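The structure appears below as structure tokens.
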2 protein chains.
Amino acid sequence: MSKESLLPLLTGHVLTHGLGQASLRPLAQAAGTSDRMLLYHFGTKERLIIDLLSHVAGLYSAAIDAVMAEGERPATRQALMARILEQNADPAFAPFMMLWWEIVGGAARDLPGYRAAAEAMVGELLVWLEGHMPAGDPDPAGGARYLLTVIEGTMMLAAVGHGETARQGLLAGGLLPT
Amino acid sequence: MSKESLLPLLTGHVLTHGLGQASLRPLAQAAGTSDRMLLYHFGTKERLIIDLLSHVAGLYSAAIDAVMAEGERPATRQALMARILEQNADPAFAPFMMLWWEIVGGAARDLPGYRAAAEAMVGELLVWLEGHMPAGDPDPAGGARYLLTVIEGTMMLAAVGHGETARQGLLAGGLLPT
DNA sequence: AAGCGCATGTAGCAATCGCTACATTATGGG
DNA sequence: CCCATAATGTAGCGATTGCTACATGCGCTT
């Protein structure tokens, strides 16, 4: 078993149990190996986490690309927002969201690997947004950054039980179809 | 030493070292007691954390109220945004921000106490915003929720190294003074 | 076949974890 | 003063942590 074949299994465990509680022996069991072998492959738990975060960022990038392919371009910013929020509200997306907030926390504390992974994922989403802005949008670059900011704020409010507050804010800001 | 006199010291330790890494013995040392006494007062580490989060939420509420008193009302939404973002960019605010992302993560995973604390703090900020919307604002309630969403998104992007992206988004959205 | 290097198992170490049993001191009301 | 109750110290338990030493298997080349 190589590092590369291990990473998806490790990612699965982290998605359901979280990064903070991840210790070598449970991780190893989830991947069908031993803590001994995890350290053999990654050298250190810290490097394992770094590699894992990088792998997660790659997964996210691939998922974005997959969605990108199937895209018919929405006609308005409101339609684009609605589509993204609907996708992010999918329960299947929840484990990734929980992991995401741990990554943000690690980035805020500048733990090794966290900021790089978070920055990459946000960057990927930004590129996707820019490529999906409505045709004829007056400012696709600025608009994508604007929508990105609003989307992330909405996700955060939803995480802390203020999803309805965010929805009302989006309506008041003219960012949702009426 | 009572619970109430312990909580500020515990909060200090958590602000600099984080919630996830907080274990009883270091917490006790920071508060000038022993792990034994922390359990004597709080019963369980879980309840200690819950009480601590509630205390942090109270601190945040008090801080908001203090700022509320000194408020001359800004003339525009842009000025209000600028003022808030300036305050949040204060380096003295950084430890709280790092703690905040841990609280959001806990709320997303529904750990006991986290969601309640996060919801209370966001609610407090929302009330403050509503009370500080510019005079004559066409929709203070909706506008406050809109600004709240944008503010939280900006904070998150700043945490992951995309602060400049957020700033460009705010400009494109007409939410910063030009 | 011999030996070499990669891969893996077994066992354990020192540290830390939350928590508890037991003993002791301090304090305040009768 | 005496005693009950609250507060605190000491010591340790069993589990888990990241990591390592040592031995063994496996496959390949010479």
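Everything numeric here is computed off the predicted structure, so don't read it as measured data. Chain identifiers are assigned alphabetically (A, B, ...) following the order of the sequence lines, protein sequences preceding nucleic acid strands; residue numbering begins at 1 within each chain.
C/dG18 atom P lies 4 Å from atom NZ of B/K45, rounded to whole Å. If you measure from atom CD of B/Q21 to atom C1' of D/dG18, you get 13 Å, rounded to the nearest angstrom. Put simply, CG on B/D35 is 12 Å from P on D/dT10, counting in whole angstrom units. Atom-to-atom, NE2 of A/H41 to P of C/dC6 comes out at 13 Å; the value is rounded to the nearest Å. If you take NZ of A/K3 and C1' of C/dA7, they are 16 Å apart, rounded to a whole angstrom. Taking atom CE of residue A/M37 and atom P of nucleotide D/dG18, one finds them 17 Å apart after rounding to whole Å. Atom-to-atom, CD1 of B/I49 to P of C/dC17 comes out at 13 Å; the value is rounded to the nearest Å. Remark: C1' of C/dA7 and CG of A/L38 are 14 Å apart, rounded to the nearest angstrom.
Listed candidates were D/dT8, D/dC19, C/dC19. Nearest to the side chain of B/L39 is C/dC19. For B/R36, counting side-chain heavy atoms from C-beta on, the closest listed nucleotide (C/dG9, C/dT20, D/dC19) is C/dT20. Of the candidates C/dG12, D/dT20, C/dC17, C/dC17 carries the atom nearest the B/P26 side chain, counting heavy atoms from C-beta on. The nucleotide whose nearest atom lies closest to any side-chain atom of A/R25 is, among D/dA6, C/dC19, D/dG18, D/dG18.
Neither A/L10 nor A/M98 shares a network with the other; the hydrophobic side chains, linked directly or stepwise wherever heavy atoms of I, L, V, M, F, W or Y lie under 4.5 Å apart, form separate groups for each.
Residue-level contact check: B/T33 touches neither bases nor backbone, having no heavy atom under 4.0 Å from any strand. Residue contacts for B/L24: at a heavy-atom cut-off of 4.0 Å it reaches the sugar-phosphate backbone alone, with no base atom in range.
Along DNA chain D, the nucleotide closest to A/G43 and the one closest to A/S23 are compared, and the more 5′ of them pairs with A/S23.
Looking at B/T76, its side chain does come within 3.5 Å of a backbone N or O of B/A79 through a donor-acceptor pair. When atom types are taken as modelled, the side chain of A/R73 and the backbone of A/M133 share a donor-acceptor pair closer than 3.5 angstrom. Side-chain atoms of B/S54 do not come within 3.5 Å of backbone N or O of B/I50 as any donor-acceptor pair.
For A/S34 and C/dG9, the shortest distance from a side-chain N or O to OP1 or OP2 is below 4.0 Å.
In this structure, B/R167 pairs ionically with B/E164, as a charged nitrogen and a carboxylate oxygen lie closer than 4.0 Å.
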